[in-house]
Student: 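I'd like to ask you about the structure that follows.
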Amino acid sequence: MVFEFKFPDVGEGIHEGRIVEWLVQVGDSLKVDQPFVKVETDKAVVDLPSPRAGTVLELRFQKGDAIRVGDVIAVFGTDGDTAIPAPAPSVPATAAPAAEARALSAQAPSAPRPGRLLATPHTRALARKLGVDLASVPATGRNGRVTDEDVRGFAEVPPGSLPGPRVSVDGVEVAPEPAPARPLGSAGSDPYGPVERTPVSHLRKVIAQAMALSKRTAAHVTHVDEADVTDLVALHGRLKSLAEADGVKLSLTAFFVKALASMLKAHPLLNASFDEARGEIVLKRYVHMGVAVDTPEGLIVPVVRDADRKDLLTVAREIADLAARARERRLSLDELKGASFTLTNIGPVGGLLATPIIHQPELAIAAFFAVKDRPAVHQGQIAVRKMMNVALSFDHRIIDGAEGARAASVLVKRLENPEYMLLRG
């Protein structure tokens, strides 16, 4: 029995993917639930299992090919089935010669046909109506008769869509091989100078669509504040070696997650989404924190679930694990879904300030920037302190500027008093 495996709907809203790697070859035997192909969907790479045991008869796509939900990507067989070549598209017997004749005729103006021209009065009238020189139309009808189809085809063939000149091979006229298309990523030129064309990856397309959707949907406002994180940096320095002894890489990002979780408990509107179709604000009674990870292929946002309920070391351990697997493209779809709020830490890269884009359907996002030594007033004196800029973007359709500012103020206080943040969560 032959079974056609169709690319399934692997997640809500996912309609297409890309073949990353075939794990089998034609002729291999498969067990039930054995992974046979890696497919990139949204920002995750998933292994698709075989729903039944059998033999691989066909693999219908190549590595790197785009696929859509419902496409047959592989064919399996049992009981000694063998692959059957897909039948060539059927073409009516008269249509193929007519199409061939029309294509050949349009390569260059045809010379008038010698001798008597055979065509019915209706065909001659049609040629006059379409402005076609009947003598130049290749005939495919019986005994060299020009048909209505010949005339219509001659008139409708679009310029530039026809094969090039024919060549003779052993007395048989054939079309030469088409010139190969320029490979993706190759060099070229435009009217202004040399260029290089590079294909857009599936991940980059997903990111582009998400960013464009957010900018079209949300009314972005960005509130900027600064935090004196001298005490936070000192606390991080003291705890870092202790965490390493427990096998945990403690980063500042873990502190940011805990600070945000505490702020969101005080300002739940920023931990909500907007159901525009139903006209409802959806307040989340959980804090699932999306943490943006910079990878060679693009930005990926895994989710730390219930960040408000977890201690600092647990959060740090999960961030390190999720980030490592994000860079290796080993995250599951579930690990990329369900965030109620997102943060991005720009500090390791540098820069003074940026305006983060909200991750739909969330209502806000926070960005943390580089910690720098700057002069500041501390306890009534000018001193060099470790200062950090914080940007909070929010959707002004739902969150007013004053609410956004109050939330940012609470976030700054949590960052400036890290012990309190850790005590209260």
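Quick caveat: nothing in here was measured; it's all calculated off a predicted structure.
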Student: Hey, does Lys265 have a side-chain heavy atom less than 4.5 Å from the side chain of Asp308?
Tutor: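 Answer yes - side chains close enough.
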
Student: Indicate yes or no: does Lys386 engage Asp373 in a salt bridge with an N to O separation below 4.0 Å.
Tutor: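 A salt bridge is present here (some side-chain N lies under 4.0 Å from a carboxylate O).
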
Student: Working to the nearest 0.5 Å, report the span between CD1 of Ile346 and CE of Met388.
Tutor: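 Reported value, rounded in 0.5 Å steps: 12.0 Å.
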
Student: Set out, in order, the CA-CA distance, both residues' side-chain angles and the distance that settles side chain to side chain contact (heavy atoms under 4.5 Å, CB included) for Lys38 and Asp47, then state yes or no.
Tutor: CA-CA 5 Å; Lys38 290 183 178 291; Asp47 291 343; 2.9 Å; yes

Student: Just how far is it from atom CZ of Phe7 to atom CZ of Phe61, taken to the nearest 0.5 Å?
Tutor: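 Taking CZ in Phe7 and CZ in Phe61, the distance rounds to 10.0 Å.
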
Student: Could you tell me whether a side-chain N or O of Asn345 sits under 3.5 Å from a main-chain N or O of Gly347, the two making a donor and an acceptor?
Tutor: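 Yes: the side chain of Asn345 pairs with the backbone of Gly347.
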
Student: What are the two closest non-hydrogen atoms of Leu392 and Ala407, and how far apart are they?
Tutor: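 Smallest interatomic distance, heavy atoms only, reads CD2-CB, 4.1 Å.
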
Student: Do the non-hydrogen side-chain atoms of Ile357 and Ile365 ever get within less than 4.5 Å of each other?
Tutor: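 The answer is no, as the side chains (C-beta and beyond) never meet within the 4.5 Å cut-off.
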
Student: Which pairs pass side chain to side chain donor-acceptor pair (under 3.5 Å) with one or both residues in residues 21-35, sequence neighbours excluded?
Tutor: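 Every pair satisfying side chain to side chain donor-acceptor pair (under 3.5 Å) with a residue in residues 21-35: there are none.
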
Student: With a cut-off of 6.0 Å (strictly less than), are more than 12 heavy atoms of other residues, nucleotides or ligands near NZ of Lys413?
Tutor: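 No, the 6.0 Å shell around NZ holds no more than 12 heavy atoms from other groups.
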
Student: Is any NZ, NE, NH1 or NH2 atom of the basic residue among Arg305 and Glu318 found under 4.0 Å from an Asp or Glu carboxylate oxygen of the other?
Tutor: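 Here Arg305 does not pair with Glu318 in a salt bridge, since their nearest N and O are not under 4.0 Å apart.
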
Student: Heavy-atom distance under 4.5 Å between the side chains of Leu312 and Leu239, does that happen here?
Tutor: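 Contact flag for Leu312/Leu239 side chains = yes.
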
Student: Can you give me the closest heavy-atom contact between Ala391 and Leu353, atom names plus distance?
Tutor: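 Answer, listing the atom of Ala391 first, then Leu353: CB-CD1, 4.3 Å.
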
Student: More than 12 foreign heavy atoms under 6.0 Å from CZ of Arg309: is that the case here?
Tutor: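 No, the 6.0 Å shell around CZ holds no more than 12 heavy atoms from other groups.
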
Student: Is the side chain of Glu416 donor-acceptor paired with the backbone N or O of Asp228 at a distance under 3.5 Å, no angle test?
Tutor: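 Present.
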
Student: Is there a side-chain contact between Pro138 and Phe154, using heavy atoms and a 4.5 Å cut-off?
Tutor: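 They are in side-chain contact.
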
Student: Donor-acceptor pair, distance only, cut-off 3.5 Å: does the side chain of Ser214 make one with the backbone of Ile358?
Tutor: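 Yes: the side chain of Ser214 pairs with the backbone of Ile358.
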
Student: Side chains of Glu403 and Leu270: does their closest heavy-atom pair fall under 4.5 Å?
Tutor: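 In short, these two side chains touch, coming nearer than 4.5 Å.
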
Student: Let me confirm one number: the CG-CZ distance from Asn271 to Arg285, rounded to the nearest 0.5 Å.
Tutor: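 Output value for this atom pair is 9.5 Å.
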
Student: Taking atom NE2 of His223 and atom CZ of Arg406, what is their separation to the nearest 0.5 Å?
Tutor: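 Atom-to-atom, His223:NE2 and Arg406:CZ are 11.0 Å apart.
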
Student: Kindly indicate, with the supporting measurements, whether the criterion side chain to side chain contact (heavy atoms under 4.5 Å, CB included) is fulfilled by Val39 and Ile19.
Tutor: CA-CA 5 Å; Val39 176; Ile19 299 293; 4.2 Å; yes

Student: In sequence, state the C-alpha distance, the side-chain angles, and the governing distance for Glu244 and Val248, and then conclude on side chain to side chain contact (heavy atoms under 4.5 Å, CB included).
Tutor: CA-CA 5 Å; Glu244 288 176 353; Val248 179; over 6 Å; no

Student: For residues Leu59 and Ala74, report the shortest heavy-atom separation together with the two atoms involved.
Tutor: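 Reported closest heavy-atom pair: CD2-CB, 4.1 Å.
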
Student: Please answer whether the main-chain N or O of Ala408 pairs with a side-chain N or O of His267 as donor and acceptor at a distance below 3.5 Å.
Tutor: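 Here the side-chain-to-backbone pair does not exist.
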
Student: For a quick test of reading the model, state the closest non-hydrogen atom pair linking Ser201 to Glu297 and the distance between them.
Tutor: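 Heavy atoms only, the tightest pair is OG-O, 4.4 Å.
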
Student: Do Thr253 and Leu343 have side-chain heavy atoms sitting under 4.5 Å apart?
Tutor: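 SC-SC contact between Thr253 and Leu343 confirmed.
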
Student: Without swapping roles, check the side chain of Asp150 against the backbone of Thr147 for a donor-acceptor pair under 3.5 Å.
Tutor: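 Pair found, side chain donor or acceptor close to backbone of Thr147.
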
Student: Charged N to carboxylate O below 4.0 Å: is that the case for Arg325 and Glu328?
Tutor: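 Answer for the salt bridge query: no.
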
Student: Would you call His288 and Asp306 a side-chain contact if the rule is heavy atoms closer than 4.5 Å?
Tutor: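 The answer is yes, as the side chains (C-beta and beyond) meet within the 4.5 Å cut-off.
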
Student: So, does Lys258 use its side chain to make a donor-acceptor pair with the main chain of Lys310 at under 3.5 Å?
Tutor: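 Judged by distance alone, yes, a pair lies under 3.5 Å.
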
Student: Please tell me whether Gln360 and Thr217 have a donor and an acceptor in their side chains that are separated by less than 3.5 angstrom.
Tutor: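 Short answer, no.
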
Student: Which pair of heavy atoms, one from Gly298 and one from Arg204, lies closest together, and at what distance?
Tutor: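 Heavy atoms only, the tightest pair is CA-NH2, 3.6 Å.
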
Student: Closer than 3.5 angstrom, by distance alone: can the side chain of Ser393 be matched with the main-chain N or O of Pro356 as a donor-acceptor pair?
Tutor: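 Confirmed, Ser393 side chain pairs with Pro356 backbone.
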
Student: Restricting to non-hydrogen atoms, name the atom on Val69 and the atom on Pro8 that form the minimum distance, rounded to 0.1 Å.
Tutor: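 Here Val69 and Pro8 meet closest at CG2-O, 3.8 Å.
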
Student: Check for a donor-acceptor pair, side chain of Asn389 on one end and backbone N or O of Phe369 on the other, with a separation under 3.5 Å.
Tutor: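 Absent.
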
Student: Less than 4.5 Å apart, any side-chain heavy atom of Asp225 and any of Leu411?
Tutor: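 Counting from C-beta outward, Asp225 and Leu411 never come under 4.5 Å.
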
Student: How are the rings of Phe76 and Phe5 set to each other: parallel, tilted or perpendicular (split at 30° and 60°)?
Tutor: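 Tilted, since the angle between the ring planes falls between 30° and 60°.
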
Student: Do Thr342 and Val301 pass the side chain to side chain contact (heavy atoms under 4.5 Å, CB included) test, and can you show the C-alpha distance, the side-chain angles, and the key distance before you say yes or no?
Tutor: CA-CA 8 Å; Thr342 295; Val301 187; 4.0 Å; yes

Student: Say you draw a straight line from CZ of Phe274 to CG of Asp395; how long is it, rounded to the nearest 0.5 Å?
Tutor: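 Answer rounded to 0.5 Å: 8.0 Å.
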
Student: Say you draw a straight line from NE2 of His359 to CG of Leu299; how long is it, rounded to the nearest 0.5 Å?
Tutor: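 Taking NE2 in His359 and CG in Leu299, the distance rounds to 9.0 Å.
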
